[in-house]
Amino acid sequence: MSKGNVTVLGINGHIGHHAAKAFRQAGFAVSGFGRSNRHPLEGVAFIKGDAGSLDDLKSAIAGADIVVNALNLPYDKWDKGRAEAQLATVITAMGDSGKTLMFPGNIYNYAATDRRISPSTPQRPQTPRGAIRVRQEDMLAAASKAGKFQTIIVRAGDFYAPGNTGDWYDQAIMMEARKGKVYRMADSELGHAWAYLPDLGRAFAVLGEKRGEFGAFENFHFAGHYVTHGALMEAIVKASPVPLKVAPLPWIFLQAMGLANGVIREVLKMRYLWNNPMELVDSRLDAILGPDFGTPFERAVAETVRPFFVQKVAA
């Protein structure tokens with residue numbers, strides 16, 4: 001018997017894919033909404049639609065008890081009110097339904113000087129992108145406190161998972177792994193918050209199942225793996241089937257590429273996140289998930305980097 005109906009908006013994205021898989025494994029009936037079914041999941045029904053269409057969104061979530069809003073615009077399309085407008089369409093589609101909306105938060109809302117960031121830490125964004133995220137969360141808070149629907153924000157660090165593309169592992173850290181080189185994003189002793197997506201997806205499912213125990217607007221921080229850049233390099237080297245050389249990421253080359261590439265130009269504005277040790281903490285979520293919830297760090301890294309070496313080992 002199903003535990004309820006879940007619609008994942010943005011089924012092809014990193015969060016959407018892993019949240020859908022976790023909800024399905026937890027016993028929910030799951031549908032995924034997107035323009036195309038690029039990454040089909042067994043047992044997950046696909047709903048084709050346009051995220052810019054209010055009618056499409058209303059139809060997609062009509063039978064849902066839980067809506068996971070994993071929609072995200074391209075990195076260089078957040079400005080000019082476009083990110084807020086996308087969320088406003090989802091909020092309108094939710095209406096006064098009383099459903100639960102789950103929203104992936106990130107660390108952009110906080111200042112670089114914040115070291116241990118809990119749900120009670122004041123949000124002080126230092127970039128336009130961070131200010132956008134704060135405005136989006138304020139929109140959700142206003143709707144939920146007005147009694148329209150419940151919002152559960154699950155905030156996490158940078159994503160990683162086996163087979164992911166378009167993330168930092170794929171685009172930077174491991175981009176020359178098959179040539180025997182991996183790149184360190186910042187100084188070895190600095191810490192960084194990482195979220196292993198299979199674990200984060202399961203956290204969404206656990207919180208969704210317990211939604212009746214929570215208030216109208218909730219903000220949880222998923223700790224994930226907070227490790228130094230040096231420890232990450234050690235784990236990657238240990239997991240590699242071939243010798244690897246570790247080198248600092250050549251940010252200057254990215255800066256040159258950013259002159260002609262809007263996405264890279266926007267990414268570079270967030271470099272401060274790598275140069276400042278910002279840790280997500282949440283004792284309440286830790287207690288809900290339990291002490292043995294997450295995948296051990298070295299195993300998660302090994303599973304993530306293994307696909308990068310498949311062709312090299314086979315050759």
Side-chain angles (χ1 to χ4, degrees), residues 13-15 17-18 21-22 39 75 104 106-107 112 115 117 155-203 221-255 257 263-264 267-268 270-281 292-315:
H14 294 155
I15 282 283
H17 182 82
H18 286 275
K21 184 184 294 186
H39 309 293
Y75 215 64
N106 62 29
I107 209 166
R115 292 292 173 256
I117 304 169
R155 195 177 314 281
D158 277 301
F159 304 151
Y160 71 114
N164 262 24
T165 58
D167 62 14
W168 283 106
Y169 270 72
D170 176 52
Q171 300 292 310
I173 294 171
M174 305 294 295
M175 63 180 175
E176 294 190 355
R178 292 182 184 135
K179 297 179 181 179
K181 182 182 289 187
V182 289
Y183 290 107
R184 190 183 69 242
M185 301 297 295
D187 290 345
S188 296
E189 72 277 6
L190 293 177
H192 191 76
W194 292 97
Y196 186 55
L197 281 170
D199 292 345
L200 181 58
R202 290 191 299 117
H221 287 192
F222 180 75
H225 298 127
Y226 180 75
V227 297
T228 65
H229 296 291
L232 175 59
M233 293 297 101
E234 290 175 8
I236 290 174
V237 170
K238 181 179 179 180
S240 171
V242 298
L244 291 175
K245 177 182 177 181
V246 176
L249 183 71
W251 287 92
I252 191 169
F253 292 139
L254 292 180
Q255 291 167 353
M257 293 170 62
V263 173
I264 292 178
V267 164
L268 288 168
M270 309 304 289
R271 185 180 176 182
Y272 76 94
L273 295 171
W274 298 100
N275 293 326
N276 290 277
M278 302 167 69
E279 180 181 8
L280 291 169
V281 296
D292 301 318
F293 177 81
T295 304
F297 171 65
E298 287 194 352
R299 187 198 309 167
V301 170
E303 292 174 353
T304 299
V305 304
R306 188 175 297 117
F308 289 93
F309 299 106
V310 169
Q311 291 182 3
K312 189 176 184 69
V313 172

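Partners of His225 according to the ring-ring contact (aromatic ring centres under 6.0 Å, His included) rule, which considers only residues two or more places apart in sequence or in another chain, are Phe297. Take Ala239 and apply the side-chain contact (heavy atoms from CB on, under 4.5 Å) test, not counting sequence neighbours, and it matches Ala302, Val305. Listed by chain and residue number, Trp78 satisfy the ring-ring contact (aromatic ring centres under 6.0 Å, His included) test with Tyr75 (two or more places apart in sequence, or in another chain). In terms of the side-chain contact (heavy atoms from CB on, under 4.5 Å) criterion, residue partners of Thr295 (sequence neighbours excluded) are, by chain and number, Tyr196, Asp199, Arg299, Ala300. With sequence neighbours left out, Tyr183 forms a side-chain contact (heavy atoms from CB on, under 4.5 Å) with Met175, Glu176, Lys181, Ala247, Leu249, Pro250. In terms of the salt bridge (Lys or Arg N to Asp or Glu O under 4.0 Å) criterion, residue partners of Glu279 (sequence neighbours excluded) are, by chain and number, Arg116. Residues passing the side chain to side chain donor-acceptor pair (under 3.5 Å) test with Arg115 are Asn276, sequence neighbours excluded. With sequence neighbours excluded, the residues forming a ring-ring contact (aromatic ring centres under 6.0 Å, His included) with Trp194 are Tyr160, Tyr169, His192, Trp274, listed by chain and number. With sequence neighbours left out, the side-chain contact (heavy atoms from CB on, under 4.5 Å) criterion links Val237 to Leu244, Val246.
For the pair Tyr226 and Pro277, the tightest heavy-atom approach, listed with the atom from each and the gap, is OH-CB, 3.1 Å. Nearest approach of Ala161 to Pro198, heavy atoms of both residues: CB-CD, 4.0 Å. For Ala195 against Ala156, the heavy-atom pair with the smallest separation is CB-CB, 3.8 Å. Considering every non-hydrogen atom in both Ala186 and Asn275, the closest pair reads CB-OD1, 3.7 Å. Residues Asn164 and Asp170 approach most closely at O-CB, 3.9 Å, considering heavy atoms. Nearest approach of Ala172 to Met185, heavy atoms of both residues: CB-SD, 4.0 Å.
Between His221 and Arg155, the side chains place a donor N or O and an acceptor N or O closer than 3.5 Å (distance only, hydrogens not considered).
With a 4.5 Å cut-off on side-chain heavy atoms, Val281 and Ile117 do not count as touching. Counting only heavy atoms from C-beta outward, the side chains of His18 and Leu200 never approach each other to under 4.5 Å. Residues Val267 and Trp168 have side chains in contact (heavy-atom distance under 4.5 Å, counting atoms from C-beta outward). Side-chain contact between His229 and Ser188 is absent, with no heavy atoms from C-beta onward closer than 4.5 Å.
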Exercise for the section: Begin with the C-alpha distance, continue with both residues' side-chain angles, and end with the deciding distance and a verdict on side chain to side chain contact (heavy atoms under 4.5 Å, CB included) for Ile173 and Leu232. Expected result: CA-CA 10 Å; Ile173 294 171; Leu232 175 59; 4.0 Å; yes
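Remark: Leu197 CG to Ile15 CD1 distance equals 5.5 Å, nearest 0.5 Å. With rounding to the nearest 0.5 Å, the separation of CG in Asp158 from CG in Asn106 is 9.0 Å.
Counting only residues at least two apart or in different chains, side-chain hydrogen bond (donor to acceptor under 3.5 Å, both in side chains) contacts with residues 234-251 comprise Lys238-Glu298.
Only one option out of Thr228, Val301, Val182 pairs with Met233 in a side chain to side chain contact (heavy atoms under 4.5 Å, CB included); it is Val182.
Judged by the 6.0 Å distance and 45° axis criteria, Arg202 is positioned over the aromatic ring of Phe293.
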